[in-house]
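Have a look at the structure below before the remarks.
Here is how names work: the chains are called A, B, and so on, in the same order as the sequence lines, proteins then strands, and each is numbered from 1.
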2 protein chains.
Amino acid sequence: MFSKSCEYAIKIMAFIAFKQAKSKELVGLDLISEAIDSPRAFTAKILQQLTKARLLKSTRGRTGGFFLDKSQNINLADIVKAIDGPKLFEDCLLGFDKCQDDNPCVLHYQLKKERNTLKNKLLSTDIYTIAKRVNRQKAYFKE
Amino acid sequence: MFSKSCEYAIKIMAFIAFKQAKSKELVGLDLISEAIDSPRAFTAKILQQLTKARLLKSTRGRTGGFFLDKSQNINLADIVKAIDGPKLFEDCLLGFDKCQDDNPCVLHYQLKKERNTLKNKLLSTDIYTIAKRVNRQKAYFKE
DNA sequence: CTAAATAAAGATATTAATATCCTTTTATCT
DNA sequence: AGATAAAAGGATATTAATATCTTTATTTAG
Ligand code: FES
Ligand code: FES
C-alpha cells in the first residue's frame with residue numbers, strides 16, 4: 001500500500017508530533033531513527049524529503065533538529081503525497097495512462113468507492129490524531 | 001496498491017474470462033500479451049505463476065494455451081494473493097512484524113475499517129464480473 | 001517419425017527502491 | 001577563533017522488481 005519510505009515518513013511525523021506535544025524541544029535524527037527503529041542514513045534522506053515538502057521544519061547547527069509548525073495542519077494524505085506521489089490517489093489501478101470515468105479499466109467502477117473512502121480517511125486524519133496512538137512496543141521508544 | 005505483476009495478472013484473468021465467455025477456445029500467450037499490451041516474456045512468467053497457483057489451467061504443445069476451470073470461482077483477492085502475497089490484507093501498514101489489535105501501530109485503528117472494506121470488495125468480486133467490463137480502449141484488443 | 005508450435009523452466013539483464021558512506025554547510029559552544 | 005554537533009547534499013552500494021533471452025519439455029499436424 002505504502003512504500004517503505006512512506007512508512008518511515010508516517011512514523012517520523014507521528015513521533016515528532018508526539019514528542020512536541022510534550023515539549024517544544026527540537027527532535028534530532030538520532031532520536032528519531034532509534035525511536036522508530038529505522039536505518040539512520042536512510043531516515044536522514046526521508047527527513048530531507050519531508051523538509052523540502054514543507055511538512056517539517058529544520059534548523060542546522062549544534063542545537064539543530066526537526067520540528068513542526070504548529071499552525072500548519074498536516075494530514076496523512078499530505079505525507080503520502082510528499083513521499084509516494086499522488087499515484088495512490090490518482091493513478092489507474094491497472095497502470096493505464098489515466099484514470100477516468102469514461103474509458104475505465106476493469107477495476108475502475110469496482111473499486112472507485114473504496115478508493116475514495118480511503119483517500120478521504122487519509123485526508124481527514126491529521127498527524128496529531130495519530131500521534132496520540134504512539135505507543136507501539138519496540139518502536140516509538142519504550143519509556 | 002498492486003505491483004506491476006499483479007496489475008498484469010488481473011488484466012490477464014479478466015481477458016481470458018472475457019474471451020472464454022464467448023468461445024471455449026484456449027487463449028495463447030501471444031494473444032494475451034497483445035491484448036493487454038504487456039511485455040511478452042514477462043507476461044509468460046506471470047501466466048506461469050497463475051497456473052502454479054491453480055487459478056489458470058494450461059496445456060502445452062501445438063494447440064496449447066491457457067483456460068479457466070469454469071467450475072472454479074475466482075475472485076480478485078485470489079489473484080492478488082497469488083502474485084503479491086497476503087501482505088495487502090494481513091501485514092501491518094507501517095511494516096511492523098505483525099498487525100494485531102493489541103499492540104497496534106498508529107494507523108491500525110485509523111484504517112482498519114477501510115482496509116477491511118477493500119478486502120471484502122476484492123473477495124466478493126469474481127473474475128466474470130470484471131470480465132464484463134473488458135472494453136478499455138488501447139488494451140483488451142480493439143475488435 | 002519429424003517438424004512446428006506451444007508452455008515451462010532457467011539464466012541473465014535492466015531498472016527502481018532501499019540503504020550506506022562521505023563531504024559540505026550551518027550554527028553553537030568553549 | 002576553533003572545535004563540535006547538527007542537517008544537507010552528493011556519490012556509491014545493495015537489494016528487489018521488472019524484463020528479456022535461451023533452452024527444454026510437451027503436444028499435435030503433417
Ligand atoms: S481507469 Fe483504472 S482505476 Fe480508474
Ligand atoms: S498494526 Fe499496523 S496496521 Fe495493524
Any [X] side-chain nitrogen or oxygen under 4.0 Å from OP1 or OP2 of [N]:
| X | N | value |
| --- | --- | --- |
| B:S5 | D:dT18 | yes |
| A:T63 | D:dA6 | no |
| B:T59 | D:dT26 | no |

Rounded distance in Å - [atom1] ([X]) to [atom2] ([N]):
| X | N | atom1 | atom2 | answer |
| --- | --- | --- | --- | --- |
| B:D37 | D:dA19 | CG | C1' | 15 Å |
| A:Y8 | C:dT18 | OH | P | 9 Å |
| B:L29 | D:dT20 | CG | P | 12 Å |
| A:F2 | C:dT18 | CZ | P | 14 Å |
| A:K57 | D:dA6 | NZ | P | 22 Å |
| A:D30 | D:dT4 | CG | C1' | 14 Å |
| B:F42 | C:dA11 | CZ | P | 19 Å |
| A:R40 | C:dT18 | CZ | C1' | 17 Å |

Please report the C-alpha distance between B:S38 and B:T43 in whole Å, then the side-chain angles of each, then the deciding distance to 0.1 Å, and finally whether the side chain to side chain donor-acceptor pair (under 3.5 Å) criterion is met. CA-CA 6 Å; B:S38 62; B:T43 306; 2.6 Å; yes
Measure from NZ or CZ of [X] to the centre of the six-membered ring of [Y] and say whether it is under 6.0 Å with the direction within 45° of the ring axis.
| X | Y | result |
| --- | --- | --- |
| B:K4 | B:Y8 | yes |
| B:K81 | B:F89 | yes |
| A:R133 | B:Y109 | no |

Could you check whether any side-chain N or O of A:D84 sits under 3.5 Å from a backbone N or O of A:S3, counting only pairs where one atom can act as donor and the other as acceptor?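 A pair under 3.5 Å: yes.
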Please list all pairs passing the side-chain hydrogen bond (donor to acceptor under 3.5 Å, both in side chains) test where one or both residues lie in residues 60-70 of chain A, with sequence neighbours left out.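 Checked against side-chain hydrogen bond (donor to acceptor under 3.5 Å, both in side chains) - neighbours excluded - the pairs reaching residues 60-70 of chain A are A:D69-A:S71.
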Which nucleotide sits closest to the side chain of B:F66: C:dA8, D:dA8, D:dA5?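 Of the options given, the side chain of B:F66 lies nearest C:dA8.
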Between the base of C:dA9 and the side chain of B:K45, is there a donor-acceptor distance below 3.5 Å?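 Present.
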Is B:R60 side chain donor-acceptor paired with the D:dT27 base, going by distance under 3.5 Å alone?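 No such pair is found, so the answer is no.
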If you pin A:G61 and A:P39 to their nearest nucleotides in DNA chain C, which one's is more 5'?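 Its nearest nucleotide being more 5', the pick is A:P39.
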Within residues 46-54 of chain A: residues closer than 4.0 Å to DNA chain D (heavy atoms):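 The stretch gives A:Q48, A:T51, A:K52 as the residues lying under 4.0 Å from the strand, ordered by number.
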Approximate separation, where rounding is to 0.5 Å, of B:L122 CG and B:D78 CG: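 So the CG of B:L122 and the CG of B:D78 are separated by 10.0 Å.
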